[in-house]
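Have a look at the structure below, then the notes.
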There are 2 protein chains.
Amino acid sequence: MEPVLPSRGRKGDAVARILTAATAVFSEAGFGGTRVDEIARRAGVNKATIYYHIGGKETLYGEVIRSVIGNVAEKILAGVKEDQPPEEKMKTYIRSIIMTIENNPRMAPIMMRELASGGAHFPPVVGRDIARIIGTLTDILEEGVKKGIFISTVPFILHMMVIGSLMFYRASAPVRAKLEWIPEVVKQLSAGINEEVAGEIEKLILRAISR
Amino acid sequence: MEPVLPSRGRKGDAVARILTAATAVFSEAGFGGTRVDEIARRAGVNKATIYYHIGGKETLYGEVIRSVIGNVAEKILAGVKEDQPPEEKMKTYIRSIIMTIENNPRMAPIMMRELASGGAHFPPVVGRDIARIIGTLTDILEEGVKKGIFISTVPFILHMMVIGSLMFYRASAPVRAKLEWIPEVVKQLSAGINEEVAGEIEKLILRAISR
DNA sequence: ATGATAACTAACCGGTTAGTTAAACCGTTT
DNA sequence: AAACGGTTTAACTAACCGGTTAGTTATCAT
């Protein structure tokens, strides 16, 4: 019994286009502000096609959440090699989070809104991901403490510090660009997390925990 | 949905009740997810009363934003006295932000959602507030650098670090409590920013910038 | 070709929601 | 006590929006 070929799609995969459009609209307007018709319009697809392939608005949102903040632990922890010194592991952890956020510009707004609503739509995998990341961070810190190069601190607070700094920096870009009265120096900061910003945050975090 | 008693005391506080209810609903559900009828129900007021006193949903939201994140600079910078050493000023700045967030539990979700949507509803005063805060922070840092106790860094990034850490910590409380798989140690952290957490963040930030 | 099936669409449906209206309410003034 | 005006309300409406349906088109196996 060979698997059924799903490649029956004619003009490009509708499901992929729907998910892309949905990710964009949800990240811009939030769940409540999103209109299914708008997603259909941007995907170039009839609204009924969304219901045919995926399901209702809620299901669609769940899929978007899963694709955007599901299985992030894998990506973030992939680079942390066992034979590195803790300081290097720490740098890798920070840089991996930066890469994840930069490769996924839709992630910051979605994550922030989800957090604001108490993670009402977080799939189970998110909990496990957080657990894995905190676990690894705890190991790195412990190893550093044992080797006398890190101070002892609360891993979760440090994690919130890294994630929070980066997401707030990233998400504040449109505000920085738009608002009057903002100092010129601030306006000139890059929208994305470029090497200068990344290096600065990495430096500050490492200084915070280094002996 | 339990019925809300009319609480027909004095009529003057209708506006206050409306604003309180609106702040709650907007912070829980976001702009798109908020129903004006729900605000009216919680305020114990007929919907038309909202339109009579304040105006439409958009105007009401604007008022909420203004009351929640308008004129925060005053509160945050009030304690920073000119005759303190820069390290003390820095501590005051951090503690003031913590107090502001803790005294307004609705602030974190609203702020995060606003940031997620590019600050579409930020009133002009927010820009000026940010400018004032960044300005003062820049002064504190410069003074510290001059006295040889702080390293040179980008004030805005540091500000994002403080705000981001605190807001993420605060906003993640419901998620921490709810999700499975989250380490027990993390679950036991207090929902609010208590003295232990505040002290830890203050310590980390000061370590990050101290020579 | 032909029938079966998957993919897609235009048009529609009914509950919901922001916003309106006209009348009622009530303390104050005359 | 009647007129008055700011305030509140029940009832209403028009538009919106998530979801459905009936029907069409494309693809494939035989």
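Throughout, a chain's letter reflects where its sequence line sits, starting with A, and its residues are numbered from 1.
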Whole Å only: how far is the [atom1] atom of [X] from the [atom2] atom of [N]?
X	N	atom1	atom2	answer
B/Ile50	D/dT7	CD1	P	16 Å
B/Ile54	D/dT7	CD1	P	13 Å
A/Arg41	D/dC17	CZ	P	13 Å
B/Arg17	D/dT7	CZ	P	14 Å

> What ring-ring contact (aromatic ring centres under 6.0 Å, His included) pairs are there with at least one residue in residues 100-139 of chain A, not counting sequence neighbours?
Replying inline: A/Phe31-A/His121, A/Tyr61-A/His121
>> Any salt bridge linking B/Glu88 with B/Lys81? Criterion: basic side-chain nitrogen under 4.0 Å from a carboxylate oxygen.
In response: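 No.
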> B/Thr153: what forms a side-chain hydrogen bond (donor to acceptor under 3.5 Å, both in side chains) with it, not counting sequence neighbours?
Replying inline: A/Glu200
Sequence neighbours left out, what pairs pass salt bridge (Lys or Arg N to Asp or Glu O under 4.0 Å) with at least one residue falling in [range]?
range	value
residues 172-183 of chain A	none
residues 93-115 of chain A	A/Glu28-A/Arg106, A/Arg95-A/Glu195, A/Arg95-A/Glu202, A/Glu102-A/Arg170
residues 119-132 of chain A	A/Glu74-A/Arg132

>> For D/dT8 and B/His53 - does any side-chain N or O of the residue sit under 4.0 Å from the phosphate oxygens OP1/OP2?
In response: yes
> Is the shortest side-chain N/O distance from B/Tyr52 to OP1 or OP2 of D/dT8 below 4.0 Å?
Replying inline: no
>> Near DNA chain D, counting only heavy atoms under 4.0 Å, which residues of residues 32-40 of chain A show up?
In response: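 The stretch gives A/Thr34, A/Arg35, A/Val36, A/Asp37 as the residues lying under 4.0 Å from the strand, ordered by number.
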> Which residues pass the salt bridge (Lys or Arg N to Asp or Glu O under 4.0 Å) test with A/Asp139, sequence neighbours left out?
Replying inline: none
Atom pairs under 3.5 Å, N or O on each side, protein against nucleotides 10-13 of chain D: can you list them with distances?
unit_1: D/dA10; atom_1: OP2; unit_2: B/Asn46; atom_2: ND2; d: 3.2
unit_1: D/dA10; atom_1: N7; unit_2: B/Asn46; atom_2: ND2; d: 3.0

> Which comes earlier along DNA chain D counting from the 5' end, the contact point of B/Val45 or that of A/Gly55, where each point is its nearest nucleotide?
Replying inline: B/Val45
> Mind checking what makes side-chain contact (heavy atoms from CB on, under 4.5 Å) contact with B/Glu184, not counting sequence neighbours?
Replying inline: B/Lys187, B/Gln188
